[in-house]
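Heads up, the thing below is written out as structure tokens.
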Amino acid sequence: MQLIKTVAGLKKELENKRKENMSIGFVPTMGALHNGHIELVKRSVTENDISVVSIFVNPTQFNDKNDLLKYPRMLDADCKLLEKTGNTFVFAPDVEEIYPEPDTRQFDFGCLACVMEGQFRPGHFNGVAQVVSRLFEIVEPDRAYFGEKDFQQSVIIREMVKQLNFNIQIVACQIVREADGLAMSSRNLRLNEVQRKNAANIFRILNESRNKKDSHSVQAVKLLVENELNLIPELKVEYFDIVDAHTLQSINNWEETGAPIGCIAVFAGDVRLIDNIKYFSPSTK
Ligand code: AMP
């Protein structure tokens, strides 16, 4: 593990690796690393000669200033974790390194970005595309690893790669969960004891909803999930939608797509958590 803070420093190291024909894997993160991140890093380390893990809390993707201020930052602990994970460069730049000038680029992802996270966090995916494209230009990886916890993000990143003609393979990795099913997230650190305990119901109820697919309409499953979760103290559903995993558009009945996925955002107190559940087996996608 080698910590690098400047674009120039990282580019120099990677240039040398490229000269030796080494393949480069890349895992972009905002730090406060947990096992979800580590699984991405492990996969990158396995599939590439060298891996870069970026740790950068990107201001342009936060539509809520408070969320940005409260986002956990713990670079020393993150580096310690990554020391155990193999051959990695940890790239932890300041904001000025990534944005020497304000980034005014506007991306157009059509209705992939106007629903769900895009609807409730206006500008979020534009900020994600700004930072990920900038990082792709710096790292020039062969493969980049993203988690399916942020399912909509992974679809939009693939679209961005297409639009900007990056020659990068996007690898989507399964959600890693706590023992009680809660999707691992850096934001879980901000949950109090009651919120943390109750947040486990998000996955429980999503998972149970899979059994209802054969007997209930899409609309009925949506209502059930939302109502059950809203009954639990401290939890408030912001949205729950069942969409086509490719187009991300809402479906009205199960037959509309071979790949229905339920995507949810829930507030536990003031902590916003997201998760999703596939109503299909990945092999049939
Ligand atoms: P973040 O630091 O939250 O921006 O996440 C960095 C990457 O890790 C993103 O591609 C996330 O989708 C992924 N990730 C975060 N949590 C998980 C998880 N529980 N399981 C799998 N991937 C995750």
Side-chain angles (χ1 to χ4, degrees), residues 25-45 47 51-64 67-68 70-75 77-79 81-82 85 88 90-93 98 116-117 121 124-125 127-136 139 141 143-161 168-191 196 199-200 202-203 206-207 245 248 261 263-266 268 271-278 282:
F26 178 43
V27 183
T29 82
M30 297 204 296
L33 301 181
H34 49 67
N35 264 333
H37 298 113
I38 297 302
E39 282 305 311
L40 304 187
V41 178
K42 281 187 183 158
R43 178 129 182 226
S44 176
V45 167
E47 295 179 355
S51 291
V52 178
V53 181
S54 65
I55 296 182
F56 179 65
V57 182
N58 171 39
T60 73
Q61 74 187 67
F62 283 82
N63 59 320
D64 175 351
D67 192 23
L68 172 63
K70 287 186 179 168
Y71 202 86
R73 291 162 171 88
M74 44 183 73
L75 183 59
D78 289 345
C79 287
L81 262 182
L82 290 169
T85 327
T88 56
V90 177
F91 179 48
I98 297 298
M116 300 191 291
E117 292 302 283
R121 300 182 71 187
H124 170 65
F125 287 120
V128 168
Q130 287 175 340
V131 74
V132 175
S133 60
R134 176 86 181 105
L135 290 167
F136 279 2
V139 178
R143 298 179 194 86
Y145 296 80
F146 292 85
E148 288 197 335
K149 183 172 87 71
D150 301 270
F151 188 81
Q152 188 172 11
Q153 170 173 281
S154 66
V155 173
I156 286 174
I157 294 293
R158 282 186 204 279
E159 174 63 22
M160 183 196 81
V161 163
I168 298 170
Q169 185 190 337
I170 301 300
V171 183
C173 305
Q174 276 184 2
I175 302 177
V176 179
R177 299 182 179 281
E178 301 286 356
D180 63 4
L182 177 64
M184 289 191 181
S185 165
S186 308
R187 288 188 172 86
N188 294 352
L189 290 171
R190 294 188 42 226
L191 299 171
R196 170 63 191 83
I202 300 170
F203 177 65
L206 285 180
N207 199 34
L248 302 181
I261 183 167
C263 299
I264 198 163
V266 182
V271 184
R272 190 173 180 279
L273 304 173
I274 60 172
D275 202 343
N276 60 73
I277 196 92
K278 287 178 180 159

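Model, not experiment: these values are computed from the prediction. Just follow the structure's listing: the first ligand is 1, and inside any ligand the first atom is 1.
In this view, Glu178 satisfies the salt bridge (charged side-chain N to carboxylate O under 4.0 Å, His left out) rule with no residue, not counting sequence neighbours.
When all heavy atoms are compared, the tightest approach of Ile274 to Ala183 is O-CB, 4.5 Å. Shown here for Ile175 and Lys149, the closest heavy-atom pair between the two residues is CG1-N, 3.5 Å. Taking each heavy atom of Ala199 and Leu191 in turn, the nearest pair found is CB-CD1, 4.3 Å.
A distance limit of 4.0 angstrom between heavy atoms and ligand 1 selects the residues Pro28, Thr29, Met30, His34, Gly36, His37, Leu40, Tyr71, Phe146, Gly147, Lys149, Asp150, Gln153, Gln174, Ile175, Val176, Met184.
Leu189 places a side-chain heavy atom less than 4.5 Å from the side chain of Met74.
Among the candidates Glu47, Lys42, His37, Arg43, the single residue satisfying the side-chain hydrogen bond (donor to acceptor under 3.5 Å, both in side chains) test with Tyr145 is Glu47.
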